[in-house]
Amino acid sequence: MELAKSFEPAEIERRWYPIWESRGYFAAGLDTAKKDNFCILLPPPNVTGTLHMGHGFNQAIMDSLTRYHRMRGDNTLWQPGTDHAGIATQIVVERQLDAKGISRHDLGREKFLEKVWEWKEYSGNTITKQMRRLGTSPDWSRERFTMDAGLSKIVTETFVRLHKEGLIYRGKRLVNWDPKLLTAVSDLEVVNEEEDGFLWHIRYPLADANGKDAGSLTVATTRPETMLGDVAVMVHPEDERYAHLVGKNVVLPLCDREIPVIADSYVDKEFGTGCVKVTPAHDFNDWQVGHRHGLAPISILTLDARINEHGPAKYRGMDRFEARKAVVADLEAAGLLDSVKPHKLVVPRGDRTGVIIEPMLTDQWFVAMTKPGTDGTSIAGKALECVASGEIRFVPENWVNTYNQWLNNIQDWCISRQLWWGHQIPAWYSDDGRFYVAHDEAEAYAQAKRDGYTGGLERDPDVLDTWYSSALWPFSTLDWTPEWPAKSNPALDLYLPSTVLVTGFDIIFFWVARMVMMTKHITGKIPFRDVYVHGLIRDAEGQKMSKSKGNVLDPIDLIDGIMIDDLVKKRTTGLMNPKDAAKIEKRTRREYPNGIPGFGTDALRFTFLSLASPGRDIKFDMQRCEGYRNFCNKLWNASRFVLMNCEGQDCGLAPDVKPGSDACNATYLDFSPADRWIVSRLQKVEHEVEQHFADYRFDLLARAIYEFVWDEYCDWYLELAKVQLNPPSPSIPLPEGEGSGELAAGQQSRLEAQQRATRRTLVRVLETVLRLAHPLIPFITEELWQTVAPLAGRAEATDGSRSLMLQAYPKADLSRCDPVAEAWVARLKEMINACRSLRGEMNISPAQRVPLVGAGDTAILGAYAPYLAALAKLSEVTTANVLPNSDAPVQIVGEFRLMLKIEIDVAAEKERLAREIARVEGEIIKANAKLGNAGFVERAPAAVVAQEQERLENFNSLVEKLRVQLGRLQVGTEA
RNA sequence: GGGCGGUUAACUCAGCGGUAGAGUGCCACCUUCACACGGUGGAAGCCACUGGUUCGAUCCCAGUACCGCCCA
């Protein structure tokens, strides 16, 4: 089959993916006899929409690892699935309903959930379709969803267990409350950011038994409206200014209440007036203070953040911001407002809604993080231990700090959410305030009965934090059972713990730490051995990609390409704030005036992997993507070349011929130093690649492959092979002693043996490269391999029923490294480069062939001659013991001197030589200085000193020859 | 306030105790029979700054500046 002239990815991708999938190549390996098992859990994407660049990046890494281990013959599982993403998904669906003027309450819980399930089907399918476009190879037959029946059952089971152990509890606590969503959220779902605000100084008059004006205390606050819920004023115990007032009362303005002045070291004497109001129901720190001082909190806000019945009648029903204005105005009217100053403060906002989070006193469920369990260790303690002991390893390891720091300061985890979409909490309430945590309603009733309660039970309407079920992912997706380990299955036995978790640092707390905690606590096993933490994909300016900024890229658009109008439309529809549209459109049109060209999946994947340097975020650079698309094209065309030269030819693959065997001798296969060199280099690359996979250094791995293919195989070996396949034309004299003229029969057969060896090397190296690169760029390699492999003797069947996916991954055979051949080629390259740079400096057109005279070992020069002639565009190569006396430019390569026989500008050549002499003299001065330094000679390692001496000798000999050459020019011109 | 990372060519990034690298871009030449998504040659860097350790520092250590992130 003739290959297209250039690589056209679209059709190839469309064709291969269904073949791989339908043939079951992605299926989990369940061979219990194998000792190497490799498993990756897909961080389940949220069913809130579509995949973004971060997913593409994350998945390119995981798929490369999976394909690599699968080819290595390991039992392999890449476990896919999606996350119900409680809040996020509920918001998406609510917004859709909103557009039709319907609220979720209009529908009712049951009907609303039906709508969400519909959305889940749609979104889930979109995501898995996109993953397929990325060429990912998870075991789709094992796809899970966090709200599947099986996973839900495990959620209930763990909840009941933890509750029984006293590690899940219900309590009235101050929690982060989102007044828009009307639900509690966890600490992690609150984003604290500094914003501009004000600091109000308010005077609280001292209460005096006689009713006279006894002065006042001035408190500073950023939230004046919360004063309605004040229960005290506090000062620092060592603050002399206020010491005499501690224990007295002040009158709370606007409210008809007296509150005490207390002393607590929490107060910062230097901040504001050194005098702080205490509002335990609306501030986390004040809650602690109130608790220490036995002050009952007064909650003044309703759940939607309006003043409630505990506030003065005037303010009741006002929104918190409206109330703030009213309170400030009234204080001012009363002459109690001392000052208002601009002030920067940290404002907590809900990460989903952006509204200001209100600390709110509510009944919620919590997981106890630091309370010792029945085995004496807390959940957080276990998570710390797993990492401290080295059972779990972070890559790069500095993330351990982040992990430890968080776990060492962890608060109990609020897991209840006042939402509808999610796992409903398995707790049932009696009419009289008792509750029963059970696997199901029947069990709850049984418990109630034993408890002496015979009335009705009502299930807790709340659902669990979406991360609760995510925390169970490492074992819930493997169909863990409550009876485990008595009842298990092969996947669970083989793949818990999994090998590596590949994730961004943004979810170390949300997800990674919680998986460790829950998996370790419930199963006693760690969830995974390695945590490979990669950076975030940012846009070209280093900005985080977000819909509202309008800088998101869809990985599919980089694969297929997109017209500018479509891109603008995509970026500007469905905005939270439609006002951004104009700005986004302008920016997009400026950045992509012609839209985005399609690069294909392989190029995109290769780009992601190349950019995956550890410990840093990625500014996504489309030009890099273009460069790697070009690389794919290069590989494609190199394959075309090999096929053109090898298809239908004898590629030296007679069945009984193995490298090193007797049959592999000069009469059948005559490998040149160039052949042996490329094979030698190949071993080194294979070796490097193995190391880079083990170290998760995908950037170096991609580069090793890139450089081998382009710089070694294409730029050099293919060019050298052309010489071997097309014997030198008679115009280039053969080395001395071999003569020109008719080839003798023996020479003819030797030539054939050489060409056979060349073809064999061409095709075998290429075939190996395709296997080597397949985990990174699966489509192009598969397509090419189908044609290349039969020629390389790697595939018996040529009907297309075999796949590169199932081939063995190349393994380095370092005994095939060949230093002699490497040195031979290195010197040849030097000579060719020397000729090329001479040509360049002499401004010789690439089209012009020029003659060369070489002086030095004539046998070696003779062997190099045909290669030199072809690669340096020489019309003829002659050898001589002494270079002719001429003005022609000369390059010195080791012991060899190469002269291009051309007419030149003598002045220019003299200048060139002088420049070169100056450069080398500079090096000589540096080397001499070094070697003249007693400290260096005495203390530096002998090898380093010897190396320096050798350099110096080389420079000295070079400069001498250069001077001779320059001298000859001067003599020549003077004569 | 605590912690982490970054600063290397115009851009995006590797690297590393002993000769500073790649891709893209730029300049010149070349449509040579795999590839113009190409070839050959070339220009381009006080490796942020200041000290220290060392025979030797872009690299290790300390500090400074700037940029970014996380936590409180």
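In the text below, chain A, chain B and the rest are named by the order of the sequence lines, each starting its count at 1.
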Taking [atom1] from [X] and [atom2] from [N], how many angstroms apart are they, rounded to a whole number?
{"X": "A:Asn398", "N": "B:C69", "atom1": "CG", "atom2": "C1'", "result": "12 Å"}
{"X": "A:Leu700", "N": "B:C13", "atom1": "CG", "atom2": "P", "result": "16 Å"}
{"X": "A:Asn633", "N": "B:C37", "atom1": "CG", "atom2": "P", "result": "8 Å"}
{"X": "A:Leu718", "N": "B:C33", "atom1": "CG", "atom2": "C1'", "result": "14 Å"}
{"X": "A:Phe505", "N": "B:C71", "atom1": "CZ", "atom2": "C1'", "result": "13 Å"}
{"X": "A:Asp695", "N": "B:A14", "atom1": "CG", "atom2": "P", "result": "16 Å"}
{"X": "A:Trp636", "N": "B:C35", "atom1": "CH2", "atom2": "P", "result": "14 Å"}
{"X": "A:Ile832", "N": "B:G39", "atom1": "CD1", "atom2": "P", "result": "16 Å"}

With a 3.5 angstrom cut-off on both distances, give the Watson-Crick or G-U wobble partner of [N], or none if there isn't one.
{"N": "B:A14", "value": "none"}
{"N": "B:C33", "value": "none"}
{"N": "B:C26", "value": "B:G42"}
{"N": "B:U19", "value": "none"}
{"N": "B:C4", "value": "B:G68"}
{"N": "B:A62", "value": "B:U50"}

What's [X] touching, base or sugar-phosphate or nothing? Going by heavy atoms closer than 4.0 Å.
{"X": "A:Asn285", "value": "nothing"}
{"X": "A:Asp506", "value": "nothing"}
{"X": "A:Glu719", "value": "base"}
{"X": "A:Cys632", "value": "nothing"}
{"X": "A:Lys5", "value": "sugar-phosphate"}

Ring-face cation contact, A:Tyr628 with A:Lys634, 6.0 Å cut, 45° max: no

Cation-aromatic face contact A:Arg827/A:Trp716, 6.0 Å, 45 degrees: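 A:Arg827 over A:Trp716 ring: no.
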
Is there a side-chain contact between [X] and the phosphate of [N], meaning an N or O under 4.0 Å from OP1 or OP2?
{"X": "A:Lys634", "N": "B:C35", "answer": "no"}
{"X": "A:Arg640", "N": "B:G38", "answer": "no"}
{"X": "A:Ser613", "N": "B:A14", "answer": "yes"}
{"X": "A:Asn401", "N": "B:G2", "answer": "no"}

Closest listed nucleotide, where the reference is the side chain of A:Arg538 and the choices are B:C37, B:C69, B:A34: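 Shortest atom-to-atom distance from the side chain points to B:C69.
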
Upstream residue (5' side of RNA chain B) when A:Ser837 and A:Lys619 are each assigned their closest nucleotide: A:Lys619

Residue met sooner reading RNA chain B from 5', once A:Arg697 and A:Pro846 are mapped to nucleotides: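 With A:Arg697 and A:Pro846 compared, the 5'-side residue is A:Arg697.
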
Could you give the distance separating [M] and [N] at their [atom1] atoms, to the nearest angstrom?
{"N": "B:A34", "M": "B:A22", "atom1": "P", "answer": "27 Å"}
{"N": "B:G42", "M": "B:C47", "atom1": "P", "answer": "23 Å"}
{"N": "B:G15", "M": "B:G6", "atom1": "C1'", "answer": "15 Å"}
{"N": "B:C49", "M": "B:U12", "atom1": "C1'", "answer": "24 Å"}
{"N": "B:G51", "M": "B:C13", "atom1": "C1'", "answer": "29 Å"}
{"N": "B:C4", "M": "B:G18", "atom1": "C1'", "answer": "31 Å"}
{"N": "B:C26", "M": "B:C67", "atom1": "P", "answer": "31 Å"}
{"N": "B:A9", "M": "B:C27", "atom1": "C1'", "answer": "15 Å"}

Worked verdict on A:Arg759 versus A:Asp675 for salt bridge (charged side-chain N to carboxylate O under 4.0 Å, His left out): CA-CA 10 Å; A:Arg759 285 190 209 100; A:Asp675 301 330; over 6 Å; no

Heavy atoms of other groups near A:Glu830 CD, more than 12 under 6.0 Å: yes

Aromatic ring proximity, centroids under 6.0 angstrom, A:His692 and A:Phe698: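 When the ring centroids of A:Phe698 and A:His692 are compared, they turn out to be at least 6.0 Å apart.
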
Listed partners of A:Glu923 passing side-chain hydrogen bond (donor to acceptor under 3.5 Å, both in side chains), at least two apart: A:Arg951

Nearest 0.5 Å please: distance from the [atom1] atom of [X] over to the [atom2] atom of [Y].
{"X": "A:Leu828", "Y": "A:Tyr867", "atom1": "CG", "atom2": "OH", "answer": "7.5 Å"}
{"X": "A:Ile678", "Y": "A:Leu766", "atom1": "CD1", "atom2": "CG", "answer": "11.0 Å"}
{"X": "A:Arg697", "Y": "A:Glu688", "atom1": "CZ", "atom2": "CD", "answer": "12.0 Å"}
{"X": "A:Leu611", "Y": "A:Asp617", "atom1": "CG", "atom2": "CG", "answer": "12.0 Å"}

Side-chain donor/acceptor of A:Arg836 to backbone N/O of A:Leu871, under 3.5 Å: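 Judged by distance alone, yes, a pair lies under 3.5 Å.
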
Filtered N/O pairs between nucleotides 18-25 of chain B and protein, under 3.5 Å:
{"residue": "B:U19", "atom": "O4'", "partner": "A:Arg951", "partner atom": "NH2", "Å": "3.4"}
{"residue": "B:U19", "atom": "O2", "partner": "A:Arg951", "partner atom": "NH2", "Å": "3.0"}
{"residue": "B:U24", "atom": "O2'", "partner": "A:Gln623", "partner atom": "OE1", "Å": "3.2"}
{"residue": "B:U24", "atom": "O2'", "partner": "A:Gln623", "partner atom": "NE2", "Å": "3.4"}

A:Phe631 and A:Trp710 aromatic ring geometry - parallel, tilted or perpendicular at 30°/60° bounds: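 Parallel, since the angle between the ring planes stays under 30°.
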
Between the protein and nucleotides 43-45 of chain B, list the N/O to N/O atom pairs that are separated by less than 3.5 angstrom.
none

